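Note that the structure is a prediction, hence the values are computed from the model and not measured.
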Amino acid sequence: RSNGIRLFHDHLMIKTGESGESRPTPWHQDLPYFPMQQAGALSCWMALDDVDEDNGTLCFLPGSHKLSRFKGQGGIERVTTEDIYRAFPELESTEPYVVRMNAGSCTFHNANLFHLGTANRSNRERRAMIIVYMPDGTTHDDKGDPLTKPLGFKEGDPIVGEIFPILSENSGA
């Protein structure tokens with residue numbers, strides 16, 4: 001349980017069309033890439049363009065957020081569905097959920113949820129705004145993250161400061 005929610009970061013993601021040679025984004029969890037010791041981060045993925053099979057959908061593996069971090073993930077590697085099922089046999093009967101979205105729609109997903117993005121095969125861009133939130137009290141896991149490295153955080157320091165504002169506080173009422 002947290003006393004509040006902090007902004008971790010936001011970014012724009014653009015998958016260009018055919019001329020940009022868009023590639024799929026393999027299965028991954030976001031949490032191993034975040035410099036956080038605790039789970040609990042949440043991503044808001046907002047479609048700025050319609051999202052469909054032509055320009056690259058998101059796919060989620062339901063229930064995978066309840067499991068641990070995938071051990072073989074050190075970069076966006078070619079993690080396959082079979083790799084995930086081997087590591088987490090309890091997911092073997094789980095079918096990936098394909099997400100089509102209208103521009104302006106959003107999804108929220110736990111940073112431990114396995115997800116992927118298919119390639120953009122259209123001649124138009126697929127743009128999305130991603131906003132990542134974290135529980136207040138989240139502590140730093142020193143992975144050399146480019147966002148936190150220049151701030152001088154040490155292992156175990158709370159991730160706080162002006163660029164990680166509190167957005168909501170639990171008043172206890």
**Student:** What distance separates Leu58 CG from Arg126 CZ, expressed to the nearest 0.5 Å?
**Tutor:** 6.0 Å
**Student:** Please determine whether a side-chain nitrogen of the Lys or Arg among Arg100 and Asp52 lies less than 4.0 Å from a carboxylate oxygen of the Asp or Glu.
**Tutor:** no
**Student:** Under a single-linkage definition using a 4.5 Å side-chain heavy-atom cutoff for Ile, Leu, Val, Met, Phe, Trp and Tyr, are Phe108 and Leu7 assigned to the same hydrophobic cluster?
**Tutor:** yes
**Student:** Parallel, tilted or perpendicular for Phe34 and His9, by the 30°/60° rule?
**Tutor:** perpendicular
**Student:** Among Asp145, Thr148, Asp157, which residue satisfies the side-chain hydrogen bond (donor to acceptor under 3.5 Å, both in side chains) criterion with His140?
**Tutor:** Thr148
**Student:** With distance as the sole criterion, is a donor-acceptor pair present between the side chains of Gln37 and Thr139 under 3.5 Å?
**Tutor:** yes
**Student:** May I ask whether Ile159 and Leu42 are part of the same hydrophobic cluster, defined by side-chain heavy atoms of I, L, V, M, F, W, Y residues being less than 4.5 angstrom apart, directly or through others?
**Tutor:** no
**Student:** OH of Tyr133 to CZ of Phe8: how many Å apart, nearest 0.5 Å?
**Tutor:** 14.0 Å
**Student:** List the steps, then state whether side-chain hydrogen bond (donor to acceptor under 3.5 Å, both in side chains) holds for Asn112 with Gln29.
**Tutor:** CA-CA 5 Å; Asn112 217 37; Gln29 297 165 304; 3.2 Å; yes
**Student:** Between Leu91 and Pro62, what is the shortest heavy-atom contact and its length?
**Tutor:** CD2-O, 4.0 Å
**Student:** Give the intermediate values and the outcome of side-chain hydrogen bond (donor to acceptor under 3.5 Å, both in side chains) for residues Thr80 and Trp27.
**Tutor:** CA-CA 6 Å; Thr80 66; Trp27 285 112; over 6 Å; no
**Student:** Looking at the rings of His28 and His115, which for Trp means the six-membered one, are their centres under 6.0 Å apart?
**Tutor:** yes
**Student:** Any chance you could measure Phe60, atom CZ, to His109, atom NE2, to the nearest 0.5 Å?
**Tutor:** 5.5 Å
**Student:** Taking all non-hydrogen atoms of both residues, which atom of Pro26 and which atom of Leu116 are closest, and how far apart?
**Tutor:** C-CB, 3.8 Å
**Student:** Group every Ile, Leu, Val, Met, Phe, Trp and Tyr by side-chain heavy-atom contacts under 4.5 Å, then state whether Met13 and Ile131 land in the same group.
**Tutor:** no
**Student:** Looking at Arg121 and Glu53, does any basic side-chain N land under 4.0 Å from a carboxylate oxygen?
**Tutor:** no
**Student:** I'd like to know if Ile130 and Met36 are part of one continuous hydrophobic network [Ile/Leu/Val/Met/Phe/Trp/Tyr, side-chain heavy atoms within less than 4.5 Å].
**Tutor:** yes
**Student:** Would you kindly confirm whether Met134 and Leu151 end up in one hydrophobic cluster when ILVMFWY residues are joined by side chain heavy atoms under 4.5 Å apart?
**Tutor:** yes
